[in-house]
Amino acid sequence: MEIIAAERLTLWPLTVQDADEMAEVLAGEELYAFIGGAAPTLPELRARYARLEARRSPDGRQEWLNWIIRRDIDRRAVGYVQATVADEGRRAEVAWVVGTAWQGHGYASEAAAALAGWLRARGVARIEAHIHPDHHASMAVAGRIGLLPTDHVEDGERLWTWERPSGTGREAGA
């Protein structure tokens, strides 16, 4: 898995060792208002990251790609981005989370744009995100990376998508 550079950030492939620092980043309960759940404990986060380091679903049909978002200025972790790649690499579902202490600085938009660009360069033809209809910040991020809202709602979240125009090469939409 590659390191992805952005303007002020670098996306580093997630490892179990990131759990200690990420436990603090993900600690704010208000972070879970739209995505549900609660802040993970350090043992829970270590176990989750150990599973994610496999980079594949147990059945091998999905590629699990996860990066820690680090600021270049101090290498501080501020969140993560992820892509679940399926359909033989043609479709990716993306998500982004930035800790509450680091929100409002454009980090989610910058990291999500870097991830989407990387996926498009790999030939992914469809990028998707599921976003709670009241999560205006995530909707803004999705719009900035070229995703458009659809009429499809699943588990209370609207599906946002970008699709490569048919008949175009890898450079389309990048």
Side-chain angles (χ1 to χ4, degrees), residues 1-28 30-32 34-35 40 45 48-49 52-53 55-56 62-86 89-132 135-149 157 159-165 168-174:
M1 213 165 93
E2 298 173 36
I3 294 169
I4 302 173
E7 185 179 334
R8 303 170 296 155
L9 307 168
T10 301
L11 309 181
W12 292 88
L14 175 142
T15 68
V16 171
Q17 289 75 29
D18 294 313
D20 291 14
E21 187 176 9
M22 288 300 294
E24 178 188 339
V25 173
L26 301 175
E30 59 276 12
L31 193 58
Y32 303 90
F34 296 113
I35 61 175
L45 203 54
R48 180 185 311 158
Y49 286 7
L52 292 175
E53 271 192 324
R55 307 217 194 301
R56 285 229 164 257
Q62 295 178 334
E63 193 176 6
W64 292 343
L65 305 175
N66 296 270
W67 290 265
I68 301 299
I69 304 167
R70 292 189 178 278
R71 296 187 304 195
D72 290 340
I73 193 166
D74 58 6
R75 296 184 69 130
R76 174 82 166 113
V78 298
Y80 67 87
V81 292
Q82 63 186 38
T84 301
V85 181
R90 292 186 304 272
R91 180 176 58 85
E93 177 152 356
V94 297
W96 47 86
V97 174
V98 170
T100 54
W102 300 276
Q103 292 177 3
H105 299 282
Y107 296 148
S109 292
E110 186 175 333
L115 173 59
W118 185 83
L119 290 166
R120 289 173 178 135
R122 274 185 79 190
V124 170
R126 180 179 172 96
I127 298 174
E128 304 174 342
H130 287 86
I131 301 173
H132 189 282
H135 199 323
H136 300 289
S138 274
M139 288 187 277
V141 170
R144 286 186 194 105
I145 68 170
L147 277 62
L148 298 172
E157 294 182 324
L159 175 65
W160 288 63
T161 65
W162 168 88
E163 290 192 63
R164 182 179 310 284
T168 60
R170 289 178 169 248
E171 71 285 348

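Throughout, numbering of the chain's residues begins at 1 and tracks the sequence. Only a predicted model underlies this, so the values are computations on that prediction, with no experimental measurement involved.
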Gap separating the [atom1] atom of [X] from the [atom2] atom of [Y], nearest 0.5 angstrom:
| X | Y | atom1 | atom2 | value |
| --- | --- | --- | --- | --- |
| Leu147 | Glu128 | CG | CD | 9.0 Å |
| Arg76 | Ile69 | CZ | CD1 | 12.5 Å |
| Thr161 | Leu148 | OG1 | CG | 6.5 Å |
| His135 | His130 | NE2 | NE2 | 15.0 Å |
| Leu11 | Met1 | CG | CE | 9.0 Å |
| Glu2 | Leu65 | CD | CG | 10.0 Å |

* Asked: Do side-chain atoms of Arg164 reach the backbone of Ala125 as a donor and acceptor pair under 3.5 angstrom?
  ->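 No, Arg164 side chain to Ala125 backbone: no donor-acceptor pair under 3.5 Å.
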Shortest non-hydrogen contact from [X] to [Y]?
| X | Y | value |
| --- | --- | --- |
| Met22 | Ala77 | SD-CB, 3.8 Å |
| Glu53 | Leu14 | CG-O, 4.0 Å |
| Asp18 | Thr15 | OD2-N, 2.8 Å |
| Leu31 | Val97 | CD2-CG1, 3.9 Å |
| Trp162 | Val124 | CZ3-O, 3.6 Å |
| Gly79 | Val25 | N-CG1, 3.8 Å |

Would you indicate whether the side-chain heavy atoms of [Y] and [X] approach each other to under 4.5 Å?
| X | Y | value |
| --- | --- | --- |
| Leu9 | Arg71 | yes |
| Ile145 | Trp160 | no |
| Ile131 | Glu157 | no |

* What salt bridge (Lys or Arg N to Asp or Glu O under 4.0 Å) pairs are there with at least one residue in residues 93-110, not counting sequence neighbours? ->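 Of all non-adjacent pairs touching residues 93-110, those that pass salt bridge (Lys or Arg N to Asp or Glu O under 4.0 Å) are Arg8-Glu110.
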* Asked: Of all residues at least two apart in sequence or in a different chain, which pass the side-chain hydrogen bond (donor to acceptor under 3.5 Å, both in side chains) check with Trp96?
  ->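 In terms of side-chain hydrogen bond (donor to acceptor under 3.5 Å, both in side chains), with neighbours along the sequence ignored, Trp96 is linked to Ser138.
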* **Set of residues satisfying salt bridge (Lys or Arg N to Asp or Glu O under 4.0 Å) with respect to Asp72, sequence neighbours excluded** =>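 By the salt bridge (Lys or Arg N to Asp or Glu O under 4.0 Å) rule, Asp72 matches no residue at all.
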* **Verdict with supporting geometry, Gln103 and Glu30, side chain to side chain contact (heavy atoms under 4.5 Å, CB included)** => CA-CA 12 Å; Gln103 292 177 3; Glu30 59 276 12; over 6 Å; no
* Between Leu119 and Val85, is a side chain to side chain contact (heavy atoms under 4.5 Å, CB included) present by the stated rule, with each step listed? -> CA-CA 9 Å; Leu119 290 166; Val85 181; 4.2 Å; yes
* Is it the case that more than 12 heavy atoms not belonging to Ile3 sit under 6.0 Å from its CD1 atom? ->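 More than 12 within 6.0 Å, yes.
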* **Ion pair Arg122/Glu63, N-O distance below 4.0 Å** =>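 Salt bridge flag = yes for Glu63 with Arg122.
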* On the 0 to 90° scale, with breaks at 30° and 60°, tag the Trp118-Trp67 ring pair as parallel, tilted or perpendicular. =>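 Ring orientation of Trp118 relative to Trp67: perpendicular.
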